[in-house]
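First up is the structure itself, then whatever we jot down about it.
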Amino acid sequence: MSQSKNYEQEPSSNRLVASMAIAGFISGVIIIAIYLATFNTIKDNKARELRQAVFKVLPNVSYMQKLYFENNTLVIAKSDGMDDDMIFAGYDKQGKFIGYAIQGKGAGFQDTIHLLFGYLPEKQLMTGMAILESRETPGLGDKIFKDMHFVGEFVNHLMKQAIKAVKKGTKSHDYEIDAITGATISSKAVVRLMNAAFNRWSPKLSPLGQEPVFQMSKQTQGSLDSSQIQPESPNIQIGK
Amino acid sequence: MATDASAYEEMLKGLWRENPTFVQVLGMCPMLAVTNSATNALVMGLATLFVLVGSSLLVSSFKRWIPKQVRISLYIIIIATFVTVVDYSLLALVPAIHKELGAFIPLIVANCMILGRQEAFASKHSIKYAVMDAIGMSLGFLIALLALGSVREILGSGSLFNVDLFGANFEPWVIMILPPGGFLTLGLLLLFFNWFTERRKQFLLKVAQADQSVAIVGVKDNG
Amino acid sequence: MDDLLWIFISTLLVNNFVLAYFLGLCPFLGVSGQLETSFRLGLATTFVLVVTALCAWILNTYVLIYAPYLRLISFIVVIASVVQFIEMSIKKLSPSLFKSLGIFLPLITTNCAILGLAIFATNRGYGLLEGLVFALGAGGGFTLAMVLMAGIRQETEIMDVPALIRGTAFNLIIAGILSMAFMGFAGLFSAA
Amino acid sequence: MTFLDVFTAPIIMTSLGLLFGLILAVAYHYLKVDEDPRISQTEELLPGTNCGACGEPGCLPFATKLVSGEVPPSGCTVASEDDIDNISEFLGVDAGEQEKIVARLKCAGGKAQAFQIAEYQGFEGCRAAAVISGGGKGCSWGCLGLGDCEVACTFDVIHMNDNGLPVVDAANCTACSDCVDICPKNLFELRPVAEQLYVQCNIPLEGDTVTALCSAGCDACGKCVADAPAGLISMHNELPVVDYTSGLFNTDKLTKKAIERCPTQAIQWLELNQFNEQADEQERYS
Amino acid sequence: MFNLFSLGQSFAHGVHPPHHKEQTEDLPIQRVPFVNRYVMPLGQHIGIPAEAIVAVGDSVLRGQLIASSNGFISTALHSPVTGKVTDIGMHRYVDGSFKMAIEITADPYATQQFSASANASVKAVEQMSIDEFIIAVQQSGIVGMGGAAFPSHVKYAIPEGQQITDLLINGAECEPYLTNDHRLMVERPEAVLRGCEILRKQLGAKRVAIGVERNKPESITELQKHLAIDMPIDIVPLEVKYPQGAEKMLIKSIYNKELAVGKLPRDLGIAVNNIGTIVALADYFDQGMPLIERIVTLAGPGIKEPANLIVPLGTPIRDVLDFAGGLSEHTREVIMGGPMMGSPVADLDAPILKGTSGILAFTEQETARPQEYPCIRCARCLDACPYFLNPSRLALLGKARLFSQMQSDYHVMDCVECGACTYACPSNIPIVQHIRAAKDNLRNLASPDVEKKK
Amino acid sequence: MKHNDPKLLLQSAPLLRQELTTPGAMKEVWLALLPTTLASLWFFGLSALLLIVVSIAGAVLTEWLFTDKDKRRMAIGDSSAGLTGLLLALTLPPGLPLWMAFLGAVVSIGLGKVIWGGLGANIFNPALLGRAFLLGTFPIAMTTWGSPSGLGDFFHLQSSNLAWPFMHGQIDALSAATPLGLMKFQQQTTAISSLFIGNTAGSLGETSAFLLLLGGMYLLIRRSIDWRIPTAIFLTAAIFSLAMFINDADKYPSPIVTLFSGGLLLGAFFMATDPVTSPLTPKGCWIFGIGVGFLVVLIRLFGGLPEGMLYAVLLMNAATPLIDRYTQPRIFGRK
Ligand SMILES: Cc1cc2nc3c(=O)[nH]c(=O)nc-3n(C[C@H](O)[C@H](O)[C@H](O)COP(=O)(O)O)c2cc1C
Ligand SMILES: Cc1cc2nc3c(=O)[nH]c(=O)nc-3n(C[C@H](O)[C@H](O)[C@H](O)COP(=O)(O)O)c2cc1C
Ligand SMILES: Cc1cc2nc3c(=O)[nH]c(=O)nc-3n(C[C@H](O)[C@H](O)[C@H](O)COP(=O)(O)O)c2cc1C
Ligand SMILES: Cc1cc2nc3c(=O)[nH]c(=O)nc-3n(C[C@H](O)[C@H](O)[C@H](O)CO)c2cc1C
Ligand code: SF4
Ligand code: SF4
Ligand code: SF4
Ligand code: SF4
Ligand code: FES
């Protein structure tokens, strides 16, 4: 009873404001502390994830750098993270350009599918595909990344023409791909996203011989977020 | 001694008698959203435990200085701070699981159970009781999460904590890991819980009656 | 335009906030007993969702680019305070509006649909327009689920559902069945 | 990450806190609306989670309904038992002082006392039977025993006994009048428990006609009127009426005398409950 | 649109129960002999009960006024026999309840000849003003014989500003088994037409319509045969459909007008009367005979000798049954009125009333309680209800005793309890019973004299 | 008192009842389904027989187990549980493992009926609920279709039928695609004559349009079902699909194919019309039918699944309480 009497007294507005401010301050301090403490690890994790994905789709890559399409050319991105308008260029140990890793994003069976595929412009060859994010049905739609046969179809696929997904077993042309039985829609969505991304990017890619050069900037070297990839990383094997 | 026992009581009540899921029906969103595997459930449960215990500790320590008008806002700031801590920690430590839990780690902030405990308990009790209560509640929540997660993972994927249980020929019940499965499983679990409580009540009643008749017979014998 | 339509349909039906994303279950299970109330709660929620989308976009564009780590806490604090402010204003300015919609506001502020919307919209990098459409879809979906649920619950009120079953367990099962029915919308307008 | 970045967070958070603290403070100051203080006090006692688990759209509406008595405090699933006790206590301040009123039945003619002239066949409900030519009970004023009141009582305190009469668990009756409203024979009335002298019959007939219908009916012989303190009981419409306003009512032996010579036990001295759960033989001779 | 396809004029919805009229439709009306004891309840009509003006021990003549009307919606009672008042007190009514009644023991030596002199002399109806006419009708004790027993004079008191243009005579007799109106039309067509003319002239109506269901061709031809050319009377054949005889349905069928809820036929300029009522009017104004007897159909599988009888009011049902050979041993239930709307008789010693159109007896076979199934929401009841109510919902709510919701959401009070829904229900749900219970409860709650709530 | 005559019965009028009873209404549906059931035996042989038996058994057993003792006789006696079992079986693919069919039947009655309070109380069509559960739970098994054989092959049992409980079935080599699947995923049309006769792949009861029409007509003539619901479904589906067909005849099926393929006929005649789960009011029936017709075409043409009848009906079932509430007929004499 006495407690509730206490409550009934109106605290001054100053107290309200002050307590909010103090709480805000303390919480700000705590948050920045945890942020700093985990900052590097998280950055590493993210970079590794991206790296692994790029590795999967572009074999023999040792370095990569993020590019934007600006003013009709590809320029090197400065941003830490990754966004939809980015494309990745892969380089071998010598820093020689190998190919691009292109993102695709769009509606799947259930929700948005986000994927990455490798592309060698000079050979017009698709080198592999990886799903970054999807909420497709477990057991059905998730075969787009679990079914190795399906994933394998995008390795060394010649991109002369838009890809077409056909019912499993009825593949009769080079540009066709066997869809997954029971997940035809997801497979078709994957193909559709790839075609769309390909159409978006292929005219923008630098013409033969003028591939973006790998630049080891000061920033990239210094920070752990560098787009540089440690060649010793065991994950390299994935691409094969 | 006595206070220890009652603090212990406070903890125990969260496990069954005032179980946040089965009795209070709070925090349903994370409960259903992340229980498609036992591992996710476990991580979510532990994260919630951390946030609840931490914020209860803070709230009960500072309860004197919190003005009534902004108390909810302050609780939210406190809780959100802890959640941010958990969020970043998980992201750093177990990125794969963090990815699966998705938005539901930040959403711990909105779990009514946590705010509820601050209002209903931590703001009115001493630190010790508040913490014990928080532990009990979050353990109760964890138990429910695990129960739900296990059932859904066992049926839905044929495994538990990612350990395959039935071999390759098992036909998984896909729906269990889909949204309807969450609702249905929790509904049926709750049903079972109700049934069990009811049965227990009736059983206790019967025992009590039996006792009584024994007592009466005893009196008669004596007389 | 097509994209906006897809965002709307997808959140309204395919990825319904309540039935597929498990957001906002507390009010969904608690307050869906009466049709009238449910509908009004749905409207109020839609309103708050739109406010949220707006707040989230402002925060994302003007504040959080400097301090991304404050995302969660600033979302919740800003949204909660803004809604509370709106609530008090309505209460003062229009008691009748408060009675019909305003009383729901505190209930809505602390539910996950609101925060979920802000976080999803940010994660997906929605712009202002997309965010608003997303909020409308989510609110519409929430209202739809709420109203269907309330209709069913009111109907079952006069049926002899076994006493043991009545209550939250039963509501969850109804929600499960609804969610199962909504699976029929999967892939809508995305598989074409 | 620059050195300055480290300060961004506290700065932003502090300013946010300041800003909204200010807004809320101003709001509290200028936008406050007056309402029943009991509502906000009750809301205070609630958990304040605004979770909706009670079925109300938040704690404030729930508190409003609590104060108006539409819902019981236990409707809140989040509050602990202590909280609920506190709320009950807080709300019960006024209620506790009033005298206890319970539902009383103006009939004691169960299966053993009254007979059927015809056989009713159909839906088990008193009102439903009553509209089918009275349900076949010989005494057309008496309880039909089909338990509409049992179904209607929100608080589940009415249970039909073996004799086909409703037993009100008087201790838990809230005098909500559900049973009064539902009974097709208008047999229930709400009476203070203190009014212990009670006539359990509703037949406006006298003499043998009554005894031919029901062995528990009041045949208007007038013995109670004669035996009670003069003026306490009088006959109206062939039924004794106890005048509690006369100031003559007492719990002494003299008043109790009124029931002693009643040939049918139609007038009773009630303790708490009216009938017995099991057999009512006991009750008749106790 | 319905009229295009169906025989005769009609309304929407309704049901087609077998009409079972063959049992009695060809049996001429017979008179039952006088018995010993008569009971005249003071309230056997809608409205305020009459007030006894005789005392125990008084001798009364057949046709003599024994109770006078007690207000406007109330009517007089006359003695059905010459004899002696032996009791004025509570007597059992057909529904098992007790009501104030005058018991008369017949004088075994009286001729029981009705003499108009027993009543105040009646002025020739042609000379009466409308007000005199209304008072005379009230004096006559005539009430609606169509079942509701509503005092007829009330219907003739037309308020200022309204004018009756049409007189509607209800000869539908849609209830199965009953043939009393039919026999009246066949045997006394002149009386029917005479009654119509008296009433039409008094009310100033332009036309008269006599609605008769097509399953009574003999009635139609008899009436037509006696129809004089100058009589503005139409005999309208109606589709055989239940409840064709319900006032609103009849108005819909004949005038294609919809009587709004809460309105009276006179608001449409229509006055509705039953065949029996109209004949009683003719008899009163031509012969001075007040309402002391009526025609009752005795039928049903449990009646040994079905018949159409002229029964003095107040005769115990048992005596009437005895005259018709008694009940067969399989009889389980006796109904007063028709099988669709009638009410079961709780005590055979209860008397025949002004509103008793039939006494039907049913055996074990018809009364075996049918297995009730849950409502499967098949909507047959909705398709049957002529008032377009939602009986399925009403029954569900009734079962849950949610009576007030039945009115607030589903307008239970608009139901006329015709029973069409219950007839149609494949799950054998006693829908009307739930409805009656609800209406009863709602009326009870609304009535001011529910003394309760201390 | 003198009571030498039998104690009279007081029973509410009307004493007359028309002849149809609720079990009778169920029997009508059994009868109407007979041709389709026999055809399923013809087309799918022993597999069909076993599926039907197992499904009915599962349904009846569940009803028996979970119904109160005193209501059991009535509940089983009205044959509605068996009907649910039969209807469920008719929507299953012929190669489905029997244990799945059994589970489906248990879910149908358990979650679809008993939990709501038994016959008449459920909101969702039990058979379709069971099928929705199975489809969500075992999507692959539920979308693997065997080709129809003939009576000659009666004793040929699809090997997947006999899978052990909780285990995969062995998928038959000759799995085929349903006409709708062919249309949706391969843009191939099936001849209307085959749709009509029914020698296409599909669930047990949906293949022969002719026999379904026959059964449906029987129910309509006997007035066992509300004519508005199937009419509204057919009209809406036909108009909607015609609009799309005119728009792009290669991509979208013709209205005839839409009507005669998949579960539309079975659903429109036997499932959407389930009295318990469809609206009471005439206007409501129109809305319900239009809703089903619209949703089924929407899902078929624009959704992820080749067939949408199941979900169309379930979704409209969910809306039925609302529809009923807002389409009360105008009471005679009221505005
Ligand atoms: C519960 C359920 C989940 C499904 N999930 C997916 C999915 O994630 N991806 C997909 O492409 N199709 C999914 N489907 C759609 C069907 O499997 C669809 O019919 C199939 O993709 C086409 O069949 P086909 O590949 O055998 O021709 C799902 C169906 C159901 C019933
Ligand atoms: C207060 C009251 C006044 C009435 N006045 C008239 C009237 O003026 N004219 C009329 O035709 N009927 C009148 N009625 C009678 C009803 O319209 C109706 O005929 C009567 O209730 C019996 O109808 P039923 O036999 O169809 O049930 C009145 C009824 C009541 C209760
Ligand atoms: C369902 C129903 C059926 C009725 N059937 C008849 C009938 O067949 N014949 C008849 O004269 N009155 C019938 N009535 C009574 C009429 O509605 C109306 O009250 C009567 O014809 C008025 O005339 P009265 O006042 O002279 O009785 C029926 C009433 C109802 C509600
Ligand atoms: C015309 C008609 C159609 C029916 N259709 C179905 C149906 O589609 N699914 C089902 O489970 N039961 C059906 N039944 C049976 C019954 O109505 C069903 O079991 C109830 O829904 C259970 O409450 C039908 C019954 C009738 C009379
Ligand atoms: S008291 Fe009234 S309601 Fe209760 S059983 Fe008796 S008659 Fe029925
Ligand atoms: S209905 Fe109300 S008044 Fe009657 S016994 Fe129950 S609690 Fe008491
Ligand atoms: S009894 Fe009432 S509800 Fe039933 S059909 Fe007749 S008017 Fe309609
Ligand atoms: S006729 Fe009977 S079963 Fe059919 S809807 Fe009406 S009440 Fe229900
Ligand atoms: S946990 Fe999501 S709304 Fe409460």
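Proteins get letters first, then strands, A, B, ... in listed order; numbering begins at 1 in each.
- Around atom NZ of A:Lys46, no more than 12 heavy atoms belonging to other residues, nucleotides or ligands sit under 6.0 Å away.
- Atom CG of A:Asp142 sits about 8.0 Å away from atom CD1 of B:Ile177, to the nearest 0.5 Å.
- Contact between B:Thr81 and A:Ser27 at its shortest, heavy atoms only, is OG1-CB, 3.1 Å.
- For a residue to count as touching a neighbouring chain, one of its non-hydrogen atoms must lie under 4.5 Å from one of that chain's; by this rule B:Val85 touches chain A with backbone and side chain alike.
- Contact residues of residues 134-167 of chain B toward chain A are absent (heavy-atom distance under 4.5 Å).
- Residue A:Ile34 comes nearest to B:Ser89 through the heavy atom pair CD1-OG, 3.7 Å, listed as atom of the first residue, atom of the second, then distance.
- Among residues 34-50 of chain B, no residue has any heavy atom closer than 4.5 Å to a heavy atom of chain A.
- Rounding to the nearest 0.5 angstrom, the gap separating the CG atom in B:Leu93 from the OG1 atom in A:Thr41 is 7.5 Å.
- Within the 4.5 angstrom heavy-atom criterion, atoms from both the backbone and the side chain of B:Leu91 approach chain A.
- Between A:Asn45 and B:Ala92, the shortest heavy-atom distance links the atoms ND2-O, 3.1 Å.
- With values rounded to the nearest 0.5 angstrom, B:Ile77 atom CD1 is found 9.5 Å from A:Ile31 atom CD1.
- Taking both residues in full, the closest heavy atoms of A:Pro138 and B:Leu178 are given as CD-CD2, 3.7 Å, listed atom of the first, atom of the second, then distance.
- Crowding of B:Phe170 atom CZ: a count of heavy atoms from other residues, nucleotides or ligands under 6.0 Å exceeding 12.
- Note: B:Tyr88 leads B:Trp65, B:Tyr88, B:Phe82, B:Phe62 in heavy-atom pairs under 4.5 Å with chain A.
- In this structure, the side chains of A:Leu140 and B:Val174 stay at 4.5 Å or more apart for every pair of heavy atoms.
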